[in-house]
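Down below is the structure, laid out as C-alpha cells.
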Amino acid sequence: MKRFLTAFVALVTLAWAWQLFSTAGTVAGLPANVWVVREQALTLTGLWSFALMSLTMVLATRPVWLERPFGGMDRIYRVHKWAGILAITFAALHWLVEMSDDVIKALWGREGRLPKDHGSSVLEAMRDVAEELGEFAIYALLAMLVLTLWKRFPFKIWRYLHKVMPVLYLALAFHAAFLAPLDYWTQPVGLMLAGLIAAGAVASLLALMGRIGHRRRVGGVVESVAEPGQGVTEVTCRLDGAWRGHRPGQFAFATFDRLEGAHPFTIASADRGDCRITFQIKALGDYTRGLAQRLKPGQAMQLEGPYGCFNLPTRYEERDQVWIAGGIGVTPFIAWLEALQAAPEQAPDADFYYCVRDRESDPFVARLETLCAQLPSLRLKVISSARQQRLSAAMLDDRARKEAVTEVWFCGPRGLADSLRKGLHEIGASRFRFHQEAFEMR
C-alpha cells in the first residue's frame with residue numbers, strides 16, 4: 001500500500017515538475033520570489049489532493065480487475081481509505097497555502113506577485129464559482145475525515161454521510177478544471193488532470209446512480225438463522241441461479257435491510273454448487289448485535305460479490321505453511337476446510353492455530369476438530385487465553401524449517417497480527433511471508 005501510494009504521488013509530482021522546468025521564466029524567478037514559490041506550492045498541493053481524491057473515487061467502485069494486482073478487495077479498500085486521508089490532508093495544506101497571502105504581504109510586500117491568468121468574463125465568473133465550491137468542499141471533507149477516524153461515531157449515520165462524497169468530488173473536479181493554470185492544458189500535466197477528472201467523474205456518477213457492483217448482485221432468501229454461540233449469528237441463504245459461485249475464503253456484501261444497506265461478511269462455507277452460502281456473523285456493532293432477532297427464514301435479501309483473494313493454498317504449493325485464525329477470523333478457514341473435504345489429498349502440510357478466549361465455550365472448536373480429523377496433513381492447535389495461552393512468533397519459528405520460506409496465512413484481530421508481524425520480523429523477515437485479510441471497510 002505504502003509503495004503504491006508513494007509511486008502514485010511521485011508520478012503526479014513528476015508531471016508537475018515537467019511543466020515547471022519546461023517554463024524557463026518560472027524556473028528563473030523561483031529562487032528569488034516568494035510569490036512564485038507560493039504559487040507553485042498551491043498548484044502542487046492541489047494536484048496531490050485532487051489526484052488522490054480521484055484515485056479514492058475510482059477504487060470505491062470496487063474494480064474487480066484490480067483485485068489480483070492489489071491482493072484482494074480488502075486491500076483495495078485499505079488503499080481507498082488512506083488515499084482519501086492523504087487527499088484531505090493535502091487539501092488542508094492547499095488551503096493553508098492559499099491563506100498565506102496576507103502573511104507574505106506583511107513580511108515581503110506585494111512586489112513580485114504573479115498576475116492572474118486572464119480569460120473571458122465568463123471564465124472569470126466560473127473561476128469565482130469554482131473557488132467558492134472548492135473552499136466549501138474542503139471544509140466538508142475535513143469534517144468527514146474526523147467522523148471517519150472517530151470509530152465511536154455510529155456506522156449507520158456515517159454510511160449515509162459518506163454518500164455525499166461523490167457530490168463533493170464533483171465540486172472539487174469543477175474547482176480543479178477551472179482554477180488550473182491555463183498553460184497546463186498544453187502540457188502532460190494537463191492530460192493527466194483531464195484523465196483524473198474523467199475517471200473520477202465517471203466513478204462519482206456510478207456511485208450516485210447506485211450502479212457500483214450492480215453486475216455482481218443477486219437476490220435470494222434467508223433460509224435459516226441460528227446462534228451457535230454467544231454473540232455469533234449463523235445465517236444460511238439460498239441465492240438465485242445467477243449466483244456465479246465463490247472460492248473458499250472470499251467475502252460478499254449482504255443486504256438484509258435496504259435502509260441499513262450492505263455489510264461485508266466472509267462466506268463461511270464452501271461452494272457446493274447449490275447456490276447456498278453460510279455466514280458466521282460476530283456481534284461487533286449496533287447492527288450485528290440484534291441480527292439474530294431481526295432475521296427470519298424466508299426473508300428476502302440481496303448479495304453482491306464474491307470478492308477477495310484470500311485463496312486456499314494447496315499441497316502443491318511447496319512452501320511450509322502456518323494458518324492462524326483469531327476469533328471470528330476463523331470464517332475463511334472454515335470455508336477452506338469444507339472445500340478440502342471433497343479432495344483431502346490437496347490439503348497442505350500445515351499447522352493451524354486457532355486463538356480463542358475460552359476453548360470450552362467457543363462455538364467453532366468442535367466444528368474445526370471434525371473437519372480437521374478428515375485431513376491428516378493439517379494439525380489443529382487451539383490457543384485459549386482462558387488457560388493463559390498466547391500465540392507468539394517464537395512458536396511459529398520452532399515449527400518452521402530453517403532452510404525454507406514459511407507462508408503464514410492470518411485472519412483475526414489487528415493487535416495479534418501486529419504482534420506476530422513484529423516478532424517474525426525480528427526472527428528474520430526473509431523467512432516468512434505474511435498473508436493477512438485486511439478486513440476493514442471504514
Going by an N to O cut-off under 4.0 Å, is there a salt bridge joining [X] and [Y]?
X      : Y      : value
Glu304 : Arg62  : yes
Asp349 : Arg379 : yes
Lys381 : Asp351 : yes

*Pair Thr43-Trp16, side-chain hydrogen bond (donor to acceptor under 3.5 Å, both in side chains): steps then yes or no*: CA-CA 8 Å; Thr43 302; Trp16 165 82; 5.5 Å; no
*Looking only at side chains, do Gln374 and Gln341 share a donor and an acceptor under 3.5 Å apart?*
no
_Any donor-acceptor pair under 3.5 Å linking the side-chain atoms of Thr13 with those of Trp48?_
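Trp48 vs Thr13: donor-acceptor pair found between side chains.
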*From CA spacing to verdict: side-chain contact (heavy atoms from CB on, under 4.5 Å), Asp74, Arg78*: CA-CA 6 Å; Asp74 55 320; Arg78 192 175 180 185; over 6 Å; no
*Heavy atoms, side chains only, cut-off 4.5 Å: are Leu291 and Val225 in contact?*
no
_Distance, nearest 0.5 Å, that separates CZ of Arg390 from OG of Ser384_ = 13.0 Å
*Worked verdict on Glu338 versus Arg272 for salt bridge (charged side-chain N to carboxylate O under 4.0 Å, His left out)*: CA-CA 10 Å; Glu338 285 193 1; Arg272 303 182 185 89; 2.8 Å; yes
*Could you give me the CA-CA distance, side-chain angles and deciding distance for Tyr354 and Asp362, then say whether side-chain hydrogen bond (donor to acceptor under 3.5 Å, both in side chains) is met?*
CA-CA 11 Å; Tyr354 179 37; Asp362 186 84; 2.9 Å; yes
*asked:* Run the side-chain contact (heavy atoms from CB on, under 4.5 Å) test on Phe432 and Ile427 for me, step by step, so that the C-alpha distance in whole Å, both residues' side-chain angles and the decisive distance to 0.1 Å come before the verdict.
replied: CA-CA 9 Å; Phe432 298 91; Ile427 291 171; 4.0 Å; yes
*Checking ring-ring contact (aromatic ring centres under 6.0 Å, His included) for the pair Trp336/Trp409: CA distance, chi angles, key distance, verdict?*
CA-CA 12 Å; Trp336 286 9; Trp409 296 85; 5.6 Å; yes
Are there over 12 heavy-atom neighbours, none belonging to [X], within less than 6.0 Å of that residue's [atom1]?
X      : atom1 : result
Gln293 : CD    : yes
Tyr139 : OH    : yes
Arg294 : CZ    : yes

_From CA spacing to verdict: salt bridge (charged side-chain N to carboxylate O under 4.0 Å, His left out), Arg433, Glu407_ = CA-CA 5 Å; Arg433 287 187 60 191; Glu407 302 278 347; 3.4 Å; yes
*Proximity of Phe310 and Phe333 rings by center, below 6.0 Å*: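 Yes, the ring centres sit under 6.0 Å apart.
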_Arg75 vs Glu67, salt bridge (charged side-chain N to carboxylate O under 4.0 Å, His left out): CA-CA, chis, key distance, verdict_ = CA-CA 8 Å; Arg75 297 191 181 277; Glu67 278 206 282; over 6 Å; no
*asked:* Under the criterion side-chain contact (heavy atoms from CB on, under 4.5 Å), I'd like the reasoning laid out for Met301 against Thr255: C-alpha separation, chi angles, the key distance, then a yes or no.
replied: CA-CA 6 Å; Met301 53 85 64; Thr255 302; over 6 Å; no
*Within the side chain of Ser269, is there an N or O that forms a donor-acceptor pair under 3.5 Å with the backbone of Ala335?*
no
Using a 3.5 Å cut-off and no angle test, enumerate the donor-acceptor pairs between side-chain atoms of residues 161-170 and protein atoms at least two apart in sequence or in another chain.
from: Tyr169; atom 1: OH; to: Ser54; atom 2: OG; distance (Å): 2.8
from: Tyr169; atom 1: OH; to: Leu196; atom 2: O; distance (Å): 3.1

*Could you check Leu193 against Phe50 for side-chain contact (heavy atoms from CB on, under 4.5 Å), going step by step and ending with a plain yes or no?*
CA-CA 9 Å; Leu193 186 58; Phe50 184 72; 3.7 Å; yes
*Taking the six-membered ring for Trp, are Phe265 and His263 parallel (under 30°), tilted (30 to 60°) or perpendicular (over 60°)?*
parallel
